[in-house]
Amino acid sequence: MTRILRGPVLRFRADPFAEGAEAALGWLDDGAVAIEGGRIAAVGEATEVIATHPGAEVTTSGGHVIAPGFVDCHLHYPQTGIIASWGAQLLDWLNTYTFPEEARFSDPAHAATVARAFFDLTLAHGITTTASYCTIHPASVDAYFSEAQARGLRVVGGRTMMDRNAPDALRDTAQAAYEESRALIALWHGQGRATYAITPRFAPTSTPAQLEAAGALWAEHPDCLMQTHLSENHAEIDWVARLFPEAADYLGVYQRFGLAGPGAVFGHAIHLTARERAALAGTGAGVAHCPTSNHFLGSGECDVAGLKELGIPVGLATDVGGGSSFSMFDTMKAAYEIGQRRGVALSPVHLWWLATEGAARTLRLGAHVGNLEAGREADLILIDPASTPILAARTARATTPSELMFALIVLADDRAVGQVWSAGRPVNPRAPVR
Ligand code: GUN
Ligand code: ZN
């Protein structure tokens, strides 16, 4: 059966960083998305889509904007419970809140409970794809992928590797990290809509032997992603220089172990040297920009436009629990504010592209999700531009799609997220389709 959603459609025709905002936005005032067998069969003017799909069941969106589901290309599901924890900068925050919480994931029942709560939250915020770090415990990975699979979601995840500079309960070995990750790849990678990401947490918590093992594992499974953190915080960068004195710089550590290449996703990448920027551009690796986290932990301001100019894939990410919100509206707003502080006013089209298509491409999932386009999986959300009085008042005055999008970025929250569809099925626990 074909199902058609009719209403204003937000979609992209191109990368706005390459083609400009106007050419990139393929907005339709009275558009339609036809869905068949979990995929998008057609997107276009409503009259045309309806005429070419006779017999389809047509539902109007009631003024809600039909948009691609958000893609969050870097976050930590085990940190759901410690979001909004006060305190200092990255390294103190990790030791005080993050590591004790992650140690609790040795209990599979705890992991399952948090995974359930996590996907309730991400879906309620319209995030249909997440790329999450798990913990060192294989059960934390099983809980994540099982819960995603039960809901039919396209997700990325991996077992975090850390064999030094962490509490006893959270330390593995190079060998265990390699073997357990390999077993999890066999179990989950490519199962349904799951992608496995080999996940050395960051250089300071891995010995050279463990990074070497991670590189070997990736070489054996090049269609997996590789995710880690890079140049987030000055104290972290100084620490890496002390731990790896022979490396040219932070990125150089990952390069040495075969951990920089197409399919690598580096979280943050804020304080890059000229050499690192040039080297990163040549690797094919992407960057997850985590603006609410960078504000919250006082980490710094990523040069998104500069990275994009170098041809580096960039996507937006919440980085929960270092990030302070599950909302991609908040995340786009924070990216805008960081741009402003750097003297670059990113347009609403640029911001929204980073939160959908840009993040999907960074995860090498651009063929599947991130945009409303025939052939992609039907992961989409309906957004109510009048969900609160102030949002209703401001969007009513919008004279262009861009203006409407910017009002949503600044003023909307999860109350604006209505139906959420994943592979053509409704999945928002708060707004089921009747
Ligand atoms: N660097 C290493 N681990 C983490 C983490 O969990 N969150 C953030 N923001 N940075 C990290
Ligand atoms: Zn992170």
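Numbers here are sequence positions counted from 1. The basis for the numbers below is simple: all heavy atoms, side chains too, and nothing from hydrogens, waters or symmetry mates. Start at 1 and go down the list; that is how both ligands and their atoms are numbered. This is a predicted model, so every value here is computed, not measured.
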Please find the pair of heavy atoms, one from P68 and one from T356, that lie closest to each other, and give the distance.
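Between these two residues, the closest heavy atoms are O-CG2, 4.0 Å.
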As an exercise, identify every atom of ligand 1 less than 4.0 angstrom from a heavy atom of H268.
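Numbered from 1, ligand 1 contributes 9 (N).
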Any atoms of ligand 1 less than 4.0 Å from a non-hydrogen atom of H76? List them with their elements.
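With H76 as reference, the close atoms of ligand 1 come out as 5 (C), 6 (O), 7 (N).
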For ligand 1, which is the ligand I care about here, please tell me if [X] has any N or O atom under 3.5 Å from one of the ligand's N or O atoms.
| X | result |
| --- | --- |
| D319 | yes |
| Q79 | yes |
| E102 | no |

Distance check, rounded to the nearest 0.5 Å: S181 atom OG versus D172 atom CG?
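Answer rounded to 0.5 Å: 8.0 Å.
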Would you compute the distance between atom CG of D413 and atom OG1 of T388 and round it to the nearest 0.5 angstrom?
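Rounded to the nearest 0.5 Å, the CG-OG1 separation comes out at 6.5 Å.
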Can you tell me if an N/O/S atom from H268 lies under 2.8 Å from the Zn ion (ligand 2)?
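Checking H268: none of its N, O or S atoms is under 2.8 Å.
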C290 backbone or side-chain N/O/S under 2.8 Å from the Zn ion (ligand 2)
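Short answer: no, not a single N, O or S atom is under the cut-off.
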What N/O/S atom of D319 is the closest to the Zn ion (ligand 2)?
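Per the distance ranking, D319 contributes OD1 as its closest N/O/S atom to the Zn ion (ligand 2).
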Is it the case that the side chains of [Y] and [X] hold a donor-acceptor pair, with the cut-off being a distance below 3.5 Å and no angle test?
| X | Y | answer |
| --- | --- | --- |
| N371 | W353 | no |
| S422 | R193 | yes |
| Y133 | Q79 | no |

Residue from Y77, F326, Y144 passing ring pair (Phe, Tyr, Trp, His ring centres under 6.0 Å) with F119:
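Exactly one candidate clears the test, Y144.
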With the threshold set at 4.0 Å, does a side-chain nitrogen-carboxylate oxygen contact exist between E337 and R341?
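Looking at R341 together with E337, the answer is no, because their closest N to O distance does not fall below 4.0 Å.
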With a 4.0 Å cut-off on heavy atoms, is Y133 in contact with ligand 1?
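Under 4.0 Å: no for Y133.
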Which one holds for W93 and ligand 1: side chain close, backbone close, both close, or neither close, with close meaning a heavy atom under 4.0 Å?
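W93 to ligand 1: side-chain contact only, backbone stays beyond 4.0 Å.
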Which residue owns the protein heavy atom closest to atom 10 (N) of ligand 1, what's the atom, and how far is it?
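Answer for atom 10 (N) of ligand 1: E232 OE1, 2.7 Å.
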Distance from atom 3 (N) of ligand 1 to nearest protein heavy atom, with residue and atom
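Protein heavy atom at minimum distance: R201 NE, 2.8 Å.
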